[in-house]
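Quantities reported herein were computed from a predicted structural model and do not represent experimental measurements.
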Amino acid sequence: MEPWTILLICLLVLGISTPFWSSIGLLRLVGEWQNRTKPRQLAVKVDPAVRPAEVAVLIAAHNEELVIKDTIATAAALVPARNIHVISDGSSDATAQIAGHAGVNVLELNPNRGKAGALAAGMEYYDLANNYKAVLLLDADTRLAPDYLATGLPLFNDPEVVAVAGRARSLPDRGKQDPVGRILLAYRERLYTIVQLLLKYGQAARPANVVAIVPGFASMYRTSVLADIDVDAPGLLIEDFNMTFEIHAKKLGRIDFHPSAAIAYTQDPDNFHDYVRQIRRWSLGFWQTVRRHGLHLGRFWAALLLHIVELITASVVLVLVIPALLAGALLDVVILRPQDVLLGILLPDYLLTVITACVLRRPGLLLLGLVFPLVRLVDATVCLVTAVQAWTRKTSGVWVSPARRLQPS
């Protein structure tokens, strides 16, 4: 194949969104250096629009006894315990008791309503919109960085900002994972880094405002917009895509994100079975949200359409690579050469690992990154399967929480 074909394969797999939004992010970074407008600097120079005491923490939990105590502890270090509200959604373990002993508000729901239903119930029961200026939605396995609010709340000083997307980091798991577990955890860390630094940072620039997800694991909303957001949309497996799309569809305001602001750590799956379950839920939830909202005119919807096209094309290419190589060998024809795969897919993918290793200062990723394309193949397969399922199957939204593990302190 000619060099242009290798370039085409590379573009089909990586897309044009990554270099485009990376460029926008670089321009934003230069502007921040010139104007000194990083979140922590804003916190020092500007009287905060929202103070920590005015933030409610809302945690939907289903059988989370292994992790809920530590999650509450990191939140209680930032806000008074009375500001923390745990919604035990049909839990059959000690989740509610542990939360109660921690001195926070606890609401028990039966039967299981699903995460979105639990969040909606908590917002209504505790009247969060009228009692607080902002609400921090927190997963039961999330640990907040000590400066989460100090860096995240200054973004609300812009009156147009109605949501602050938290920056996801994978919990540094010091347990005894097998090789598959180490690969999966490292891959998730790479994905978080690449998506947030090379895509979301640019997408959150003021002129753009096309962030596609305010992740429900640890993000904040102004309570003044909660009444306009359909938190518990029926039949969706996850709520965060839908809440984000609601902001764009109803033109409620701007979503901000900064890599140095609102950092939190989440416990990612360390085995293949739980990993596939989790990404299936996320992927199916995304496609369900796309189905529910459709596409409209505007910057966000144009960016979303491009993302969908790139997601589908990249997934198709990745899924067909191995069959194309095998068919070529069996038929003795050149469909795709190994060097085309190396230069068009494997090396560009490995470049993402090199970037992540440099940013996080984790050279060990360079070895693990050699097998990341296999994990991407799993992601691609799940993406295509769930894209079909979103239009052919219905879901109730009732959840079974991911398998948790005790996290070393």
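A side-chain N or O of D268 and one of Y192 form a donor-acceptor pair less than 3.5 Å apart. In this structure, a donor-acceptor pair under 3.5 Å is present between the side chains of E310 and S17. In summary, the side chains of N63 and T95 do not present any donor paired with an acceptor at a separation below 3.5 Å, with no hydrogens or angles considered. No hydrogens or angles considered: a donor-acceptor pair under 3.5 Å links the side chains of R292 and N242. For the residue pair D127 and Y132, no side-chain donor N or O sits within less than 3.5 Å of a side-chain acceptor on the partner.
In terms of heavy-atom proximity, V106 sits nearest to G100 at CG2-N, 3.6 Å. In terms of heavy atoms, L119 sits closest to A60 at CD2-CB, 3.9 Å.
Residues I16 and L306 form a side-chain contact, since some pair of their non-hydrogen atoms from C-beta on lies under 4.5 Å apart. Under the 4.5 Å side-chain criterion, counting only non-hydrogen atoms from C-beta, E64 is not in contact with D139. Side-chain atoms of L137 and S219, non-hydrogen and from C-beta on, never get closer than 4.5 Å to each other. In this structure, L352 and P348 have side chains that are not in contact, with every pair of non-hydrogen atoms separated by 4.5 Å or more.
In terms of modelled atom types and a separation under 3.5 Å, the side chain of T223 and the main chain of V135 share no donor-acceptor contact. A donor-acceptor distance shorter than 3.5 angstrom exists from the side chain of S22 to the backbone of L198, with no hydrogens or angles considered. Between the side chain of S283 and the backbone N or O of T386, no donor-acceptor pair lies under 3.5 Å. Although no hydrogens or angles enter the test, the distance criterion places a donor-acceptor pair under 3.5 Å between the side chain of Q288 and the main chain of L237. Judged by distance alone, the side chain of D147 and the main-chain N or O of A150 form no donor-acceptor pair under 3.5 Å. D240 places no side-chain N or O within 3.5 Å of a backbone atom of P215 that could act as its donor or acceptor partner.
To the nearest 0.5 Å, atom CD1 of residue I322 and atom CG of residue L377 are 5.5 Å apart. To the nearest 0.5 Å, atom CZ of residue R190 and atom OG of residue S170 are 14.0 Å apart. In this structure, R277 CZ and R281 CZ are separated by 9.5 Å, a value rounded to the nearest 0.5 Å.
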Any chance you could lay out the side-chain contact (heavy atoms from CB on, under 4.5 Å) test for V86 and I72, step after step, and finish with the verdict?
-> CA-CA 9 Å; V86 174; I72 292 174; 4.0 Å; yes
Would R206 and D158 count as a salt bridge (Lys or Arg N to Asp or Glu O under 4.0 Å) if you check the C-alpha gap in whole Å, the side-chain angles of each, and the deciding distance to 0.1 Å?
-> CA-CA 10 Å; R206 185 187 300 272; D158 181 345; 2.7 Å; yes
Please assess D379 against R376 for the test salt bridge (Lys or Arg N to Asp or Glu O under 4.0 Å), listing each intermediate value before the final yes or no.
-> CA-CA 5 Å; D379 287 0; R376 286 194 69 186; over 6 Å; no
Would K115 and H62 count as a side-chain contact (heavy atoms from CB on, under 4.5 Å) if you check the C-alpha gap in whole Å, the side-chain angles of each, and the deciding distance to 0.1 Å?
-> CA-CA 8 Å; K115 183 182 176 183; H62 175 68; over 6 Å; no
May I have the step-by-step check of side-chain contact (heavy atoms from CB on, under 4.5 Å) for V164 and F257, ending in yes or no?
-> CA-CA 6 Å; V164 172; F257 167 81; over 6 Å; no
Derivation of the side-chain contact (heavy atoms from CB on, under 4.5 Å) call for L199 and I194 = CA-CA 7 Å; L199 287 169; I194 294 302; 5.7 Å; no
Show your working on ring pair (Phe, Tyr, Trp, His ring centres under 6.0 Å) between F245 and H296 and close with a plain yes or no.
-> CA-CA 11 Å; F245 281 37; H296 309 277; 9.7 Å; no
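No option in V57, L149, V55, I84 other than L149 meets the side-chain contact (heavy atoms from CB on, under 4.5 Å) test with L78.
The aromatic rings of Y201 and H258 lie perpendicular to each other, with more than 60° between the two planes, well past the 30° mark.
Within a 6.0 Å sphere centred on CD of Q97, other residues, nucleotides and ligands contribute more than 12 heavy atoms. Residue-environment remark: CZ (R291) exceeds the threshold of 12 foreign heavy atoms within 6.0 Å.
H307 has its ring centre no less than 6.0 Å from the ring centre of F300.
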